[in-house]
Amino acid sequence: MLRDDTAHEERIGSRDLAAWPTPVGRAVARAGLALGHGAVRVGTWSAANVVLIVTALVGGLAVVALTALTAEVYESVVEADGLAGLDHPVLDAAIGWRTPGLDHAVTLYTDVGGPVGMPVLAALATAVMVWRWRSRTPLVLMVIAALGSLAMTITGKQLIGRARPPQSLAVPPFETSPSFPSGHTLNATVLTGIVVYLLLRRLESARARTATVVAGVLFVGSMGLSRVFLGHHWLTDVVAGWALGLAWVAVVVTAHRLYLTVRRATPGHAGTSATQWSPSGRNPSRS
């Protein structure tokens with residue numbers, strides 16, 4: 001039987017994930033609580049679950065819209081030769097670094113973040129976390145994250161339809177799908193970001209948490225750069241993948257934090273009633 005988050009998993013180190021110290025955060029928390037109270041009145045699913053799903057859906061629509069907007073901005077950048085002006089020089093530099101051995105090694109590495117490798121890695125990581133922790137949270141968050149990432153990749157590629165670098169400048173095997181955004185980069189950013197978030201809630205040592213974040217950043221960064229090195233994407237495709245992926249990770253994490261917030265504010269949860277808790281994380285009765 002899979003359980004829900006424990007009180008221990010509601011923190012990253014000393015930071016309470018259900019506390020919102022900034023004014024914007026408290027406004028988001030109040031909106032989540034209002035939605036949760038409405039769900040209780042309707043009497044359907046649990047309030048916290050409703051908030052998680054609704055936040056993910058609304059945030060997903062917003063991020064997909066952001067993907068569309070990014071495509072429009074990208075076209076303007078290309079026309080103005082802004083960041084896109086780095087595309088050719090960066091690819092030229094990568095070509096100068098290539099050797100047969102390095103090309104083969106990077107190709108094997110980039111396959112890890114591909115449409116087969118990355119889902120398999122994410123599924124294995126999720127299965128291990130679910131098994132070890134007996135928790136449903138890794139499965140729920142990973143499914144939400146993966147669906148959003150897929151929607152963003154499809155939206156971006158269909159809207160912009162950018163051609164990849166010429167095959168004469170790329171390392172085989174060649175790819176023919178649209179180039180913008182980099183699906184390898186976007187998916188690696190999203191799935192790795194969620195794994196890192198889930199691990200951070202379980203690690204006691206600050207050093208271990210720092211190492212986990214650094215490892216995640218290095219993996220995501222190197223995965224994106226490998227796409228440029230092999231000539232499968234332009235630099236701007238990769239930058240867009242990083243940016244959109246981080247935006248979606250932020251949405252999923254926020255949705256989960258709102259879930260924890262509403263659950264804690266529900267009378268009877270862990271001995272905390274709605275009148276004893278506030279989104280700022282302070283106990284009103286003691287202030």
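Note that the structure is a prediction, hence the values are computed from the model and not measured. All heavy atoms count here, side chains included; hydrogens, waters and symmetry mates do not.
One hydrophobic cluster, built from ILVMFWY side chains closer than 4.5 Å, cannot hold both V106 and V238; they sit in different ones. Placement of Y259 and W133 within a single hydrophobic cluster is found when ILVMFWY residues are connected by side-chain heavy-atom separations under 4.5 Å, directly or transitively. No path of Ile, Leu, Val, Met, Phe, Trp and Tyr side chains, each step under 4.5 Å between heavy atoms, connects L230 with L225, placing them in separate hydrophobic clusters.
Looking at R11, its side chain never comes within 3.5 Å of a backbone N or O of L17 through a donor-acceptor pair. Looking at R164, its side chain does come within 3.5 Å of a backbone N or O of S177 through a donor-acceptor pair. A donor-acceptor pair under 3.5 Å is formed between the side chain of W234 and the backbone N or O of A163. Judged by distance alone, the side chain of S222 and the main-chain N or O of F219 form a donor-acceptor pair under 3.5 Å.
Annotation: the span from T189 atom OG1 to L244 atom CG amounts to 9.5 Å, rounded to 0.5 Å. Atom CD1 of I194 sits about 10.0 Å away from atom OG1 of T126, to the nearest 0.5 Å. The CZ atom of R264 lies 11.5 Å from the CG atom of L33; values are rounded to the nearest 0.5 Å.
Side-chain contact between V171 and F229 is absent, with no heavy-atom pair separated by less than 4.5 Å. The closest side-chain heavy-atom distance from P172 to T107 is not below 4.5 Å. Taking 4.5 Å as the limit, some side-chain heavy atom of I154 sits within range of a side-chain heavy atom of L150. Side-chain contact between L141 and M129: absent, with no pair of heavy atoms (C-beta onward) separated by less than 4.5 Å.
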Could you go step by step and tell me if L121 and L191 meet the side-chain contact (heavy atoms from CB on, under 4.5 Å) rule? CA-CA 9 Å; L121 266 184; L191 300 180; over 6 Å; no

As a quick check of understanding, evaluate side-chain contact (heavy atoms from CB on, under 4.5 Å) for R201 and D5, giving each step before the final call. CA-CA 10 Å; R201 302 183 316 137; D5 296 290; 2.8 Å; yes

Begin from the C-alpha positions of I95 and R98 and carry the test side-chain contact (heavy atoms from CB on, under 4.5 Å) through to its verdict. CA-CA 5 Å; I95 292 172; R98 290 176 186 166; 3.7 Å; yes

Under the side-chain contact (heavy atoms from CB on, under 4.5 Å) criterion, do M142 and V130 qualify, and how do the steps go? CA-CA 11 Å; M142 194 62 74; V130 169; over 6 Å; no

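A cation-pi contact, defined as under 6.0 Å to the ring centre and within 45° of the axis, links R257 to W20.
Each of R227, H232, K157, H233 was compared with S179 under the side chain to side chain donor-acceptor pair (under 3.5 Å) criterion, and only H233 meets it.
The two residues V220 and A188 come nearest to each other via the heavy atoms CG2-O, 3.7 Å. The two residues M223 and S226 come nearest to each other via the heavy atoms O-OG, 2.6 Å. Heavy atoms only, all atoms of each residue included: A56 and W248 are closest at O-CH2, 3.7 Å. Taking every heavy atom of both residues into account, S135 and T137 meet most closely at OG-N, 3.2 Å. Across every non-hydrogen atom of L203 and R209, the tightest pair is O-NH1, 3.1 Å. Listed here is the closest heavy atom pair of G231 and A170: O-CB, 3.4 Å.
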